[in-house]
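Single-structure report; data block below.
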Amino acid sequence: MKARLPRGFVDRSPDDIRAVDRMVGKIREVYELYGFEPADQPLIEYTDALGKFLPDQDRPNEGVFSFQDDDEQWLSLRYDLTAPMARFVAENFEKLPKPFRSYRSGWVFRNEKPGPGRFRQFMQFDADTVGTPGVAADAEMAMMMADVMEAVGIARGDYVIRVNNRKVLDGVLEAIGLGGDDNAGRRLTVLRAVDKLDKVGPEGVRDLLGKGRLDESGDFTKGAGLDAAQADRVLLLTSSTGDDLAGALAAMRGAVAGSARGEEGVQELADIGAMVAAAGYDDGRIKIDPSVVRGLEYYTGPVYEAELLAEIPNDEGKIVRFGSVGGGGRYDGLVSRFRGEPVPATGFSIGVSRLMTALKNLGKLDTSDVIQPVVVLVMDKDTESLGRYQKMVSDLRRAGIRAEMYLGGAGMKAQLKYADRRGCPVAVIQGGDEREKGEVQIKDLIEGARMSAEISDNAEWRAARPAQVTVPETDLVAEVKKILDAQAADRAGQ
RNA sequence: GCCGUUGUAGCUCAGUUGGUUAGAGCGCCGGAUUGUGGAUCCGGAGGUCCCUGGUUCGAGCCCAGGCAACGGUACCA
(Lines give C-alpha, C1' and ligand atoms only; values in the text may rest on other atoms or scores of the structure.)
Protein backbone atom coordinates (compact mmCIF):
# COMPACT_ATOMS: atom_id res chain seq x y z
CA MET A 1 0.00 0.00 0.00
CA LYS A 2 1.40 3.31 -1.01
CA ALA A 3 0.62 6.35 1.09
CA ARG A 4 -0.60 9.04 -1.24
CA LEU A 5 -2.58 12.22 -1.09
CA PRO A 6 -5.48 12.47 -3.54
CA ARG A 7 -4.85 15.19 -6.07
CA GLY A 8 -6.47 18.51 -5.46
CA PHE A 9 -6.27 18.12 -1.70
CA VAL A 10 -3.68 19.36 0.78
CA ASP A 11 -2.36 18.38 4.15
CA ARG A 12 -2.28 21.45 6.31
CA SER A 13 0.73 22.49 8.36
CA PRO A 14 0.56 23.78 11.95
CA ASP A 15 1.50 27.25 10.72
CA ASP A 16 -1.23 27.17 8.12
CA ILE A 17 -3.88 26.06 10.58
CA ARG A 18 -2.95 28.72 13.10
CA ALA A 19 -2.77 31.43 10.46
CA VAL A 20 -6.16 30.51 9.03
CA ASP A 21 -7.66 30.48 12.52
CA ARG A 22 -6.36 33.95 13.12
CA MET A 23 -7.52 35.25 9.77
CA VAL A 24 -10.97 33.73 10.15
CA GLY A 25 -11.14 35.34 13.58
CA LYS A 26 -10.50 38.77 12.07
CA ILE A 27 -13.16 38.26 9.42
CA ARG A 28 -15.62 37.10 12.06
CA GLU A 29 -15.04 40.28 14.08
CA VAL A 30 -16.06 42.37 11.09
CA TYR A 31 -19.19 40.32 10.49
CA GLU A 32 -20.15 40.49 14.14
CA LEU A 33 -19.59 44.21 14.14
CA TYR A 34 -22.09 44.53 11.31
CA GLY A 35 -24.62 42.59 13.34
CA PHE A 36 -24.49 39.21 11.62
CA GLU A 37 -25.12 36.02 13.60
CA PRO A 38 -23.11 32.82 13.36
CA ALA A 39 -24.75 29.83 11.69
CA ASP A 40 -23.61 26.45 10.51
CA GLN A 41 -24.93 23.84 8.14
CA PRO A 42 -23.65 20.32 7.50
CA LEU A 43 -21.19 19.46 4.77
CA ILE A 44 -23.67 17.14 3.14
CA GLU A 45 -27.06 18.00 1.67
CA TYR A 46 -29.54 16.28 -0.58
CA THR A 47 -28.19 16.74 -4.05
CA ASP A 48 -31.34 18.42 -5.33
CA ALA A 49 -31.16 21.01 -2.55
CA LEU A 50 -27.79 22.24 -3.70
CA GLY A 51 -28.98 24.03 -6.78
CA LYS A 52 -31.22 23.99 -9.72
CA PHE A 53 -28.37 22.55 -11.72
CA LEU A 54 -28.50 18.97 -10.67
CA PRO A 55 -25.75 16.62 -11.52
CA ASP A 56 -26.48 14.70 -14.63
CA GLN A 57 -28.33 11.53 -13.73
CA ASP A 58 -25.77 9.51 -15.62
CA ARG A 59 -22.82 11.33 -14.15
CA PRO A 60 -23.83 12.38 -10.66
CA ASN A 61 -20.23 13.15 -9.73
CA GLU A 62 -19.67 15.71 -12.43
CA GLY A 63 -18.50 18.79 -10.56
CA VAL A 64 -19.85 17.68 -7.20
CA PHE A 65 -18.96 14.75 -4.98
CA SER A 66 -22.11 12.68 -4.70
CA PHE A 67 -23.20 9.31 -3.40
CA GLN A 68 -26.41 7.46 -2.76
CA ASP A 69 -27.88 6.94 0.70
CA ASP A 70 -29.42 3.66 1.92
CA ASP A 71 -32.76 4.80 0.59
CA GLU A 72 -31.16 5.53 -2.78
CA GLN A 73 -31.56 9.28 -2.44
CA TRP A 74 -28.63 11.24 -3.77
CA LEU A 75 -26.48 13.15 -1.31
CA SER A 76 -23.69 15.55 -2.16
CA LEU A 77 -20.85 17.37 -0.49
CA ARG A 78 -21.68 21.07 -0.61
CA TYR A 79 -19.85 23.05 -3.30
CA ASP A 80 -20.60 26.41 -1.72
CA LEU A 81 -22.17 27.76 1.47
CA THR A 82 -24.98 29.67 -0.16
CA ALA A 83 -27.16 26.78 -1.27
CA PRO A 84 -27.14 25.09 2.17
CA MET A 85 -27.88 28.47 3.75
CA ALA A 86 -30.85 28.92 1.41
CA ARG A 87 -32.12 25.47 2.35
CA PHE A 88 -31.83 26.25 6.05
CA VAL A 89 -33.57 29.60 5.77
CA ALA A 90 -36.37 28.16 3.66
CA GLU A 91 -36.88 25.28 6.09
CA ASN A 92 -36.97 27.56 9.15
CA PHE A 93 -38.48 30.59 7.52
CA GLU A 94 -41.26 31.17 10.06
CA LYS A 95 -38.95 31.05 13.06
CA LEU A 96 -36.26 33.37 11.78
CA PRO A 97 -36.26 37.14 12.18
CA LYS A 98 -36.35 38.91 8.83
CA PRO A 99 -34.16 40.24 7.43
CA PHE A 100 -32.10 37.24 8.54
CA ARG A 101 -28.46 38.17 8.74
CA SER A 102 -26.05 35.29 9.22
CA TYR A 103 -22.46 34.26 8.57
CA ARG A 104 -20.82 30.85 8.26
CA SER A 105 -17.46 29.41 7.36
CA GLY A 106 -16.35 25.97 6.37
CA TRP A 107 -15.06 23.55 3.80
CA VAL A 108 -16.64 23.22 0.41
CA PHE A 109 -15.85 20.65 -2.25
CA ARG A 110 -15.66 20.72 -6.02
CA ASN A 111 -14.99 17.69 -8.10
CA GLU A 112 -13.05 19.49 -10.79
CA LYS A 113 -9.59 19.51 -12.18
CA PRO A 114 -7.33 21.22 -9.66
CA GLY A 115 -4.88 23.90 -10.76
CA PRO A 116 -2.35 26.21 -9.19
CA GLY A 117 -4.14 27.74 -6.22
CA ARG A 118 -7.26 25.73 -6.97
CA PHE A 119 -8.16 22.77 -4.86
CA ARG A 120 -10.99 20.28 -4.61
CA GLN A 121 -11.53 21.15 -0.97
CA PHE A 122 -11.28 24.73 0.17
CA MET A 123 -12.65 27.03 2.79
CA GLN A 124 -15.16 29.79 2.34
CA PHE A 125 -16.46 32.40 4.72
CA ASP A 126 -19.86 33.82 3.81
CA ALA A 127 -22.24 36.47 5.05
CA ASP A 128 -25.82 36.73 3.83
CA THR A 129 -28.85 38.90 4.32
CA VAL A 130 -32.13 37.19 3.48
CA GLY A 131 -35.45 38.95 3.20
CA THR A 132 -34.66 42.42 1.97
CA PRO A 133 -35.14 43.57 -1.60
CA GLY A 134 -33.49 46.98 -1.25
CA VAL A 135 -30.05 47.68 -2.68
CA ALA A 136 -29.00 49.14 0.66
CA ALA A 137 -28.30 45.54 1.65
CA ASP A 138 -26.09 45.14 -1.42
CA ALA A 139 -24.25 48.37 -0.70
CA GLU A 140 -23.67 47.15 2.85
CA MET A 141 -22.24 43.88 1.56
CA ALA A 142 -19.76 45.73 -0.63
CA MET A 143 -18.68 47.95 2.22
CA MET A 144 -18.37 45.07 4.65
CA MET A 145 -16.21 43.29 2.13
CA ALA A 146 -13.91 46.30 1.97
CA ASP A 147 -13.70 46.32 5.76
CA VAL A 148 -12.81 42.64 5.75
CA MET A 149 -9.98 43.21 3.30
CA GLU A 150 -8.45 45.79 5.57
CA ALA A 151 -9.09 43.77 8.71
CA VAL A 152 -6.98 40.91 7.39
CA GLY A 153 -4.16 43.28 6.58
CA ILE A 154 -4.59 44.29 2.95
CA ALA A 155 -3.79 47.95 2.60
CA ARG A 156 -6.24 50.40 1.11
CA GLY A 157 -5.32 50.71 -2.54
CA ASP A 158 -4.12 47.13 -2.73
CA TYR A 159 -7.64 45.89 -3.33
CA VAL A 160 -10.88 47.03 -4.89
CA ILE A 161 -14.47 45.91 -4.54
CA ARG A 162 -15.97 46.02 -7.99
CA VAL A 163 -19.72 46.23 -8.28
CA ASN A 164 -21.94 45.50 -11.23
CA ASN A 165 -25.54 44.52 -11.78
CA ARG A 166 -26.69 41.45 -13.60
CA LYS A 167 -29.70 43.42 -14.80
CA VAL A 168 -27.40 45.72 -16.71
CA LEU A 169 -25.78 42.84 -18.53
CA ASP A 170 -29.17 41.33 -19.20
CA GLY A 171 -30.38 44.70 -20.44
CA VAL A 172 -27.63 45.03 -22.99
CA LEU A 173 -28.25 41.51 -24.20
CA GLU A 174 -31.92 42.32 -24.53
CA ALA A 175 -31.12 45.54 -26.35
CA ILE A 176 -29.02 43.76 -28.96
CA GLY A 177 -31.75 41.21 -29.58
CA LEU A 178 -30.52 38.32 -27.43
CA GLY A 179 -33.54 38.30 -25.12
CA GLY A 180 -35.87 35.38 -24.73
CA ASP A 181 -35.45 31.74 -23.88
CA ASP A 182 -34.22 30.83 -27.35
CA ASN A 183 -31.03 32.81 -26.82
CA ALA A 184 -30.16 31.50 -23.35
CA GLY A 185 -27.16 29.60 -24.66
CA ARG A 186 -25.75 32.58 -26.54
CA ARG A 187 -26.32 34.87 -23.57
CA LEU A 188 -24.27 32.48 -21.48
CA THR A 189 -21.49 32.53 -24.05
CA VAL A 190 -21.50 36.34 -24.03
CA LEU A 191 -21.29 36.46 -20.24
CA ARG A 192 -18.40 34.01 -20.26
CA ALA A 193 -16.65 36.19 -22.82
CA VAL A 194 -17.14 39.33 -20.72
CA ASP A 195 -15.89 37.48 -17.65
CA LYS A 196 -12.58 36.91 -19.42
CA LEU A 197 -11.94 40.60 -20.03
CA ASP A 198 -9.10 40.84 -17.55
CA LYS A 199 -7.56 37.67 -18.92
CA VAL A 200 -7.72 38.10 -22.69
CA GLY A 201 -8.26 41.86 -23.03
CA PRO A 202 -10.87 43.73 -25.12
CA GLU A 203 -9.68 42.22 -28.41
CA GLY A 204 -9.86 38.73 -26.99
CA VAL A 205 -13.36 39.41 -25.76
CA ARG A 206 -14.30 40.73 -29.21
CA ASP A 207 -13.11 37.45 -30.75
CA LEU A 208 -15.10 35.47 -28.20
CA LEU A 209 -18.18 37.56 -28.91
CA GLY A 210 -17.76 36.98 -32.60
CA LYS A 211 -16.50 33.86 -34.30
CA GLY A 212 -14.30 32.53 -31.55
CA ARG A 213 -10.75 32.64 -30.28
CA LEU A 214 -7.68 30.48 -30.65
CA ASP A 215 -5.48 30.73 -27.57
CA GLU A 216 -1.75 30.18 -27.23
CA SER A 217 -2.14 26.60 -26.17
CA GLY A 218 -3.87 25.82 -29.45
CA ASP A 219 -7.31 25.42 -27.95
CA PHE A 220 -10.14 27.00 -29.90
CA THR A 221 -13.05 28.52 -28.02
CA LYS A 222 -16.23 28.88 -30.00
CA GLY A 223 -17.63 32.41 -29.97
CA ALA A 224 -21.10 33.79 -29.42
CA GLY A 225 -21.55 34.69 -33.07
CA LEU A 226 -22.44 38.34 -32.56
CA ASP A 227 -22.06 40.79 -35.43
CA ALA A 228 -19.75 43.79 -35.13
CA ALA A 229 -22.45 46.21 -34.00
CA GLN A 230 -23.67 43.87 -31.29
CA ALA A 231 -20.14 43.22 -30.08
CA ASP A 232 -19.43 46.94 -30.05
CA ARG A 233 -22.36 47.57 -27.78
CA VAL A 234 -21.27 44.90 -25.32
CA LEU A 235 -17.72 46.25 -25.36
CA LEU A 236 -19.03 49.78 -24.89
CA LEU A 237 -20.65 48.63 -21.70
CA THR A 238 -17.64 46.79 -20.34
CA SER A 239 -15.27 49.65 -21.05
CA SER A 240 -17.28 52.20 -19.08
CA THR A 241 -15.41 51.61 -15.85
CA GLY A 242 -16.19 53.78 -12.93
CA ASP A 243 -13.45 56.12 -11.84
CA ASP A 244 -15.89 58.79 -12.91
CA LEU A 245 -19.15 57.42 -11.57
CA ALA A 246 -21.48 59.81 -13.38
CA GLY A 247 -19.70 59.22 -16.68
CA ALA A 248 -19.77 55.46 -16.24
CA LEU A 249 -23.45 55.48 -15.45
CA ALA A 250 -24.15 57.61 -18.51
CA ALA A 251 -22.20 55.20 -20.72
CA MET A 252 -24.09 52.28 -19.22
CA ARG A 253 -27.41 53.99 -19.84
CA GLY A 254 -26.40 54.31 -23.47
CA ALA A 255 -25.50 50.64 -23.72
CA VAL A 256 -28.77 49.44 -22.21
CA ALA A 257 -31.01 51.96 -24.00
CA GLY A 258 -34.28 50.34 -24.92
CA SER A 259 -34.26 47.76 -22.14
CA ALA A 260 -36.39 48.52 -19.09
CA ARG A 261 -34.59 45.84 -17.11
CA GLY A 262 -31.24 47.32 -18.06
CA GLU A 263 -32.27 50.79 -17.03
CA GLU A 264 -33.54 49.48 -13.73
CA GLY A 265 -30.14 47.89 -13.21
CA VAL A 266 -28.31 51.12 -13.94
CA GLN A 267 -30.56 52.95 -11.51
CA GLU A 268 -29.75 50.38 -8.82
CA LEU A 269 -26.05 50.88 -9.45
CA ALA A 270 -26.56 54.62 -9.22
CA ASP A 271 -28.25 54.12 -5.84
CA ILE A 272 -25.47 51.86 -4.62
CA GLY A 273 -22.90 54.36 -5.85
CA ALA A 274 -24.64 57.14 -3.93
CA MET A 275 -24.80 55.13 -0.71
CA VAL A 276 -21.20 54.07 -1.01
CA ALA A 277 -20.17 57.67 -1.59
CA ALA A 278 -22.21 58.88 1.38
CA ALA A 279 -20.38 56.41 3.59
CA GLY A 280 -17.05 57.53 2.18
CA TYR A 281 -16.19 54.25 0.47
CA ASP A 282 -15.94 55.86 -2.98
CA ASP A 283 -12.26 56.64 -2.36
CA GLY A 284 -11.18 53.70 -4.51
CA ARG A 285 -12.34 51.01 -2.15
CA ILE A 286 -15.55 50.36 -4.07
CA LYS A 287 -15.98 50.93 -7.78
CA ILE A 288 -18.82 50.42 -10.22
CA ASP A 289 -17.48 48.18 -12.96
CA PRO A 290 -19.75 46.80 -15.68
CA SER A 291 -17.38 43.99 -16.64
CA VAL A 292 -17.92 42.02 -13.42
CA VAL A 293 -19.89 38.86 -14.16
CA ARG A 294 -19.43 36.63 -11.07
CA GLY A 295 -20.67 33.17 -11.71
CA LEU A 296 -23.27 32.56 -14.27
CA GLU A 297 -26.58 31.41 -13.01
CA TYR A 298 -28.28 32.32 -9.82
CA TYR A 299 -27.44 36.00 -9.46
CA THR A 300 -30.34 38.26 -10.24
CA GLY A 301 -29.21 41.78 -9.37
CA PRO A 302 -26.14 43.52 -8.01
CA VAL A 303 -22.96 41.45 -8.04
CA TYR A 304 -19.65 42.31 -6.41
CA GLU A 305 -16.15 41.01 -6.42
CA ALA A 306 -13.12 41.62 -4.24
CA GLU A 307 -9.99 41.85 -6.31
CA LEU A 308 -6.40 42.18 -5.15
CA LEU A 309 -4.43 44.81 -7.00
CA ALA A 310 -1.08 44.45 -5.25
CA GLU A 311 1.70 42.83 -7.19
CA ILE A 312 2.05 39.49 -5.55
CA PRO A 313 4.98 37.15 -6.09
CA ASN A 314 4.09 33.47 -6.20
CA ASP A 315 6.16 30.66 -4.68
CA GLU A 316 8.71 30.93 -7.49
CA GLY A 317 8.98 34.68 -7.02
CA LYS A 318 7.12 35.51 -10.22
CA ILE A 319 4.67 38.38 -10.09
CA VAL A 320 1.19 37.12 -10.72
CA ARG A 321 -2.19 38.77 -10.98
CA PHE A 322 -3.96 37.26 -8.08
CA GLY A 323 -7.43 38.39 -9.03
CA SER A 324 -10.56 37.63 -7.12
CA VAL A 325 -10.48 36.52 -3.50
CA GLY A 326 -14.19 36.73 -2.95
CA GLY A 327 -17.45 37.86 -4.35
CA GLY A 328 -21.16 37.66 -4.17
CA GLY A 329 -24.38 39.20 -5.22
CA ARG A 330 -28.13 39.17 -5.07
CA TYR A 331 -29.83 35.85 -5.57
CA ASP A 332 -33.52 36.47 -5.28
CA GLY A 333 -34.43 33.02 -6.59
CA LEU A 334 -32.38 30.75 -4.34
CA VAL A 335 -34.53 30.64 -1.23
CA SER A 336 -37.80 31.13 -3.01
CA ARG A 337 -37.39 27.95 -5.00
CA PHE A 338 -38.06 26.08 -1.76
CA ARG A 339 -41.12 28.21 -1.08
CA GLY A 340 -44.04 29.54 -3.01
CA GLU A 341 -43.23 33.17 -2.35
CA PRO A 342 -40.43 35.46 -3.48
CA VAL A 343 -37.61 35.72 -0.95
CA PRO A 344 -34.99 38.30 -1.86
CA ALA A 345 -31.47 37.70 -0.59
CA THR A 346 -27.95 38.95 -1.04
CA GLY A 347 -24.61 37.79 0.26
CA PHE A 348 -20.99 37.25 -0.41
CA SER A 349 -18.32 34.67 -0.02
CA ILE A 350 -14.65 34.96 0.79
CA GLY A 351 -12.27 32.35 -0.55
CA VAL A 352 -10.37 31.81 2.70
CA SER A 353 -7.72 29.56 1.20
CA ARG A 354 -7.07 31.90 -1.70
CA LEU A 355 -6.94 34.93 0.53
CA MET A 356 -4.53 33.08 2.80
CA THR A 357 -2.23 32.26 -0.08
CA ALA A 358 -2.30 35.90 -1.16
CA LEU A 359 -1.45 37.13 2.32
CA LYS A 360 1.33 34.60 2.63
CA ASN A 361 2.85 35.65 -0.67
CA LEU A 362 2.49 39.29 0.32
CA GLY A 363 4.45 38.47 3.47
CA LYS A 364 1.58 39.71 5.62
CA LEU A 365 0.98 36.49 7.45
CA ASP A 366 2.16 36.37 11.02
CA THR A 367 2.94 32.77 11.72
CA SER A 368 5.96 32.72 13.96
CA ASP A 369 4.60 33.82 17.29
CA VAL A 370 3.80 30.34 18.52
CA ILE A 371 6.35 29.13 21.04
CA GLN A 372 7.16 25.44 20.84
CA PRO A 373 6.92 23.48 24.07
CA VAL A 374 9.62 23.15 26.68
CA VAL A 375 10.87 19.57 26.59
CA VAL A 376 11.66 17.67 29.76
CA LEU A 377 14.17 15.00 28.86
CA VAL A 378 13.70 11.50 30.19
CA MET A 379 17.01 10.20 31.50
CA ASP A 380 15.80 7.35 33.72
CA LYS A 381 12.80 5.29 32.96
CA ASP A 382 11.91 3.85 36.35
CA THR A 383 8.47 4.74 37.59
CA GLU A 384 9.69 7.07 40.30
CA SER A 385 11.79 9.13 37.90
CA LEU A 386 9.02 9.27 35.33
CA GLY A 387 6.70 10.57 38.00
CA ARG A 388 9.20 13.28 38.79
CA TYR A 389 9.47 14.35 35.14
CA GLN A 390 5.71 14.31 34.94
CA LYS A 391 5.48 16.66 37.88
CA MET A 392 7.92 19.06 36.19
CA VAL A 393 5.81 19.37 33.04
CA SER A 394 2.72 19.63 35.18
CA ASP A 395 4.23 22.54 37.15
CA LEU A 396 5.28 24.26 33.93
CA ARG A 397 1.81 23.86 32.44
CA ARG A 398 0.20 25.28 35.55
CA ALA A 399 2.35 28.35 35.01
CA GLY A 400 0.95 28.60 31.47
CA ILE A 401 4.06 27.28 29.76
CA ARG A 402 3.68 24.77 26.94
CA ALA A 403 5.63 21.73 28.10
CA GLU A 404 5.97 18.07 27.31
CA MET A 405 7.81 15.10 28.72
CA TYR A 406 9.78 13.26 26.07
CA LEU A 407 7.75 10.17 25.22
CA GLY A 408 9.96 8.49 22.65
CA GLY A 409 12.38 5.68 23.25
CA ALA A 410 15.59 7.39 22.27
CA GLY A 411 18.66 8.29 24.26
CA MET A 412 19.64 11.69 25.52
CA LYS A 413 21.40 12.83 22.41
CA ALA A 414 18.45 12.02 20.22
CA GLN A 415 16.12 13.70 22.69
CA LEU A 416 18.03 16.95 22.40
CA LYS A 417 18.00 16.58 18.66
CA TYR A 418 14.24 16.14 18.82
CA ALA A 419 13.90 19.31 20.86
CA ASP A 420 16.19 21.15 18.48
CA ARG A 421 14.27 20.10 15.40
CA ARG A 422 10.96 21.09 16.81
CA GLY A 423 12.38 24.48 17.56
CA CYS A 424 11.82 24.11 21.29
CA PRO A 425 13.07 27.06 23.32
CA VAL A 426 14.21 25.19 26.42
CA ALA A 427 15.18 21.67 27.44
CA VAL A 428 15.10 20.45 31.04
CA ILE A 429 17.57 17.76 32.05
CA GLN A 430 17.66 15.74 35.26
CA GLY A 431 19.72 12.60 35.48
CA GLY A 432 20.72 10.62 38.55
CA ASP A 433 23.41 13.12 39.61
CA GLU A 434 21.07 16.08 39.53
CA ARG A 435 18.25 14.22 41.16
CA GLU A 436 20.39 13.30 44.15
CA LYS A 437 21.20 16.96 44.65
CA GLY A 438 17.64 18.06 44.00
CA GLU A 439 18.73 20.04 40.97
CA VAL A 440 17.81 20.39 37.33
CA GLN A 441 19.79 21.58 34.35
CA ILE A 442 18.02 24.02 32.11
CA LYS A 443 19.25 24.57 28.61
CA ASP A 444 18.43 27.62 26.50
CA LEU A 445 18.30 26.01 23.08
CA ILE A 446 17.89 29.26 21.17
CA GLU A 447 20.90 30.93 22.77
CA GLY A 448 22.83 27.69 22.49
CA ALA A 449 22.24 27.51 18.76
CA ARG A 450 23.53 31.04 18.41
CA MET A 451 26.68 30.25 20.39
CA SER A 452 27.29 27.12 18.36
CA ALA A 453 28.05 29.27 15.35
CA GLU A 454 31.24 30.43 17.08
CA ILE A 455 32.48 27.01 18.11
CA SER A 456 33.78 24.61 15.53
CA ASP A 457 35.32 21.99 17.75
CA ASN A 458 32.91 19.43 19.10
CA ALA A 459 34.88 18.56 22.25
CA GLU A 460 35.04 22.23 23.19
CA TRP A 461 31.37 22.68 22.32
CA ARG A 462 30.32 19.88 24.58
CA ALA A 463 32.59 20.86 27.45
CA ALA A 464 31.29 24.42 27.33
CA ARG A 465 27.68 23.30 27.73
CA PRO A 466 26.57 26.53 26.14
CA ALA A 467 23.62 28.43 27.51
CA GLN A 468 22.95 26.02 30.29
CA VAL A 469 22.32 26.60 33.98
CA THR A 470 21.91 24.36 36.99
CA VAL A 471 19.28 25.40 39.52
CA PRO A 472 17.47 23.82 42.46
CA GLU A 473 14.52 21.79 41.31
CA THR A 474 12.18 24.12 43.21
CA ASP A 475 13.27 26.99 40.97
CA LEU A 476 12.47 25.15 37.76
CA VAL A 477 9.41 27.13 36.76
CA ALA A 478 10.89 30.50 37.69
CA GLU A 479 14.10 29.82 35.78
CA VAL A 480 12.34 28.56 32.65
CA LYS A 481 10.11 31.60 32.75
CA LYS A 482 13.14 33.84 33.00
CA ILE A 483 14.71 32.28 29.93
CA LEU A 484 11.47 32.45 27.94
CA ASP A 485 11.04 36.09 28.88
CA ALA A 486 14.57 36.86 27.80
CA GLN A 487 13.94 35.12 24.48
CA ALA A 488 10.71 37.07 24.03
CA ALA A 489 12.49 40.35 24.70
CA ASP A 490 15.12 39.33 22.20
CA ARG A 491 12.50 38.64 19.54
CA ALA A 492 10.79 41.94 20.22
CA GLY A 493 14.09 43.77 19.87
CA GLN A 494 14.74 42.42 16.40
C1' G B 1 -12.28 17.59 -22.63
C1' C B 2 -8.10 19.75 -25.76
C1' C B 3 -2.71 21.19 -26.20
C1' G B 4 2.14 20.83 -24.17
C1' U B 5 6.09 19.26 -20.74
C1' U B 6 7.94 15.68 -17.45
C1' G B 7 8.29 10.60 -15.03
C1' U B 8 15.59 7.53 -12.29
C1' A B 9 16.91 6.97 -4.09
C1' G B 10 12.79 10.43 0.97
C1' C B 11 13.95 15.44 -1.98
C1' U B 12 16.53 17.99 -6.24
C1' C B 13 18.61 16.00 -10.32
C1' A B 14 23.02 13.59 -13.54
C1' G B 15 23.24 9.29 -16.52
C1' U B 16 27.60 9.91 -23.14
C1' U B 17 26.41 6.63 -29.98
C1' G B 18 22.07 1.41 -26.61
C1' G B 19 27.07 -2.06 -23.23
C1' U B 20 28.55 -5.43 -17.83
C1' U B 21 27.90 -4.07 -10.39
C1' A B 22 22.64 2.93 -12.18
C1' G B 23 25.37 7.76 -9.71
C1' A B 24 25.83 12.82 -7.12
C1' G B 25 24.23 16.57 -3.71
C1' C B 26 20.94 17.20 0.16
C1' G B 27 18.19 14.51 3.79
C1' C B 28 17.88 10.07 7.02
C1' C B 29 20.31 6.37 10.48
C1' G B 30 24.85 5.01 13.15
C1' G B 31 29.91 5.89 14.96
C1' A B 32 34.07 9.16 16.46
C1' U B 33 31.61 11.26 21.90
C1' U B 34 28.19 5.05 27.96
C1' G B 35 25.03 12.18 29.94
C1' U B 36 24.53 17.25 25.89
C1' G B 37 21.64 20.00 19.82
C1' G B 38 25.38 22.66 15.96
C1' A B 39 30.00 22.02 12.89
C1' U B 40 33.62 18.30 11.06
C1' C B 41 35.21 13.40 9.72
C1' C B 42 34.03 8.17 8.91
C1' G B 43 30.44 4.49 7.89
C1' G B 44 25.43 2.64 6.62
C1' A B 45 20.54 2.01 4.87
C1' G B 46 17.62 3.33 0.88
C1' G B 47 15.99 1.78 -6.48
C1' U B 48 9.72 -2.16 -9.96
C1' C B 49 14.92 3.62 -13.69
C1' C B 50 6.08 5.04 -14.02
C1' C B 51 3.51 0.47 -16.37
C1' U B 52 2.78 -3.01 -20.48
C1' G B 53 4.42 -4.72 -24.92
C1' G B 54 7.99 -4.36 -29.04
C1' U B 55 13.04 -3.83 -31.55
C1' U B 56 17.97 -5.80 -30.10
C1' C B 57 23.04 -10.47 -28.39
C1' G B 58 21.99 -6.49 -24.84
C1' A B 59 17.15 -1.09 -23.14
C1' G B 60 17.19 3.85 -17.77
C1' C B 61 18.30 5.30 -23.06
C1' C B 62 15.08 3.46 -29.25
C1' C B 63 9.57 2.41 -30.86
C1' A B 64 4.13 1.78 -29.72
C1' G B 65 0.23 1.94 -26.31
C1' G B 66 -1.24 3.12 -21.45
C1' C B 67 -0.96 5.59 -16.55
C1' A B 68 0.44 9.62 -13.48
C1' A B 69 2.17 14.43 -12.22
C1' C B 70 2.84 19.39 -13.69
C1' G B 71 1.62 23.70 -16.83
C1' G B 72 -1.80 26.14 -20.23
C1' U B 73 -6.79 26.21 -22.00
C1' A B 74 -12.05 24.98 -21.65
C1' C B 75 -15.88 23.99 -18.08
C1' C B 76 -16.76 25.57 -12.96
C1' A B 77 -24.06 25.28 -10.98
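Because only heavy atoms are used, hydrogens play no part in the values below, and waters and symmetry mates are left out as well, while side chains stay in.
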If pairing requires Watson-Crick or G-U wobble contacts with both distances under 3.5 Å, which nucleotide is the partner of [N]?
N	answer
B/C13	B/G23
B/A69	B/U5
B/U52	B/A64
B/A39	none
B/C75	none

Under the 3.5 Å rule, do the base of [N] and the side chain of [X] count as making a donor-acceptor pair?
X	N	result
A/R118	B/C76	yes
A/E434	B/G35	yes
A/N458	B/U40	no
A/K413	B/U34	no
A/Q468	B/U36	yes
A/R462	B/U36	no

Can you tell which of [options] lies closest to the side chain of [X]?
X	options	answer
A/K443	B/C29, B/U36, B/A69	B/U36
A/L445	B/C29, B/G37, B/A77	B/G37
A/M412	B/G37, B/U36, B/U73	B/U36
A/K113	B/C75, B/U36, B/G72	B/G72
A/Q441	B/U36, B/A74, B/A39	B/U36
A/I429	B/A77, B/C2, B/G35	B/G35

Looking across every strand, which nucleic acid part, if any, lies under 4.0 Å from A/D380 by heavy atom: base, sugar-phosphate, or nothing?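 It contacts nothing in the nucleic acid.
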Could you tell me whether A/K222 contacts a base, only the sugar-phosphate backbone, or nothing, with contacts defined as non-hydrogen atoms closer than 4.0 Å?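 A/K222: no heavy atom of the nucleic acid under 4.0 Å.
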Parallel, tilted or perpendicular: rings of A/F65 and A/F109 (30°, 60°): perpendicular
Taking the inter-plane angle between the rings of A/Y406 and A/Y418 on a 0 to 90° scale, is it parallel (under 30°), tilted (30 to 60°) or perpendicular (over 60°)?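 Answer is perpendicular, since the angle exceeds 60°.
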Holding to ring pair (Phe, Tyr, Trp, His ring centres under 6.0 Å), I want the full list of residues that pass it with A/F93, two or more places apart in sequence or in another chain. none
When the [atom1] atoms of [N] and [M] are considered, how many whole Å apart are they?
N	M	atom1	answer
B/U16	B/U20	P	11 Å
B/G44	B/G23	P	14 Å
B/U55	B/G15	C1'	22 Å

Is the backbone N or O of A/A410 less than 3.5 Å from a side-chain atom of A/Q415, with the two atoms forming a donor-acceptor pair by type?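 Checking the backbone N and O of A/A410 against the side chain of A/Q415, a donor-acceptor pair under 3.5 Å is found.
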Using atom types as modelled and distance alone, determine if a side-chain donor or acceptor of A/D420 lies under 3.5 Å from a backbone N or O of A/L416. no
Search all heavy atoms of A/F125 against all heavy atoms of A/R104 and return the closest pair with its distance. CD2-O, 3.3 Å
Can you tell me if A/Y298 is stacked onto the base of B/A77, using a 5.5 Å centroid cut-off and an angle below 30°? no
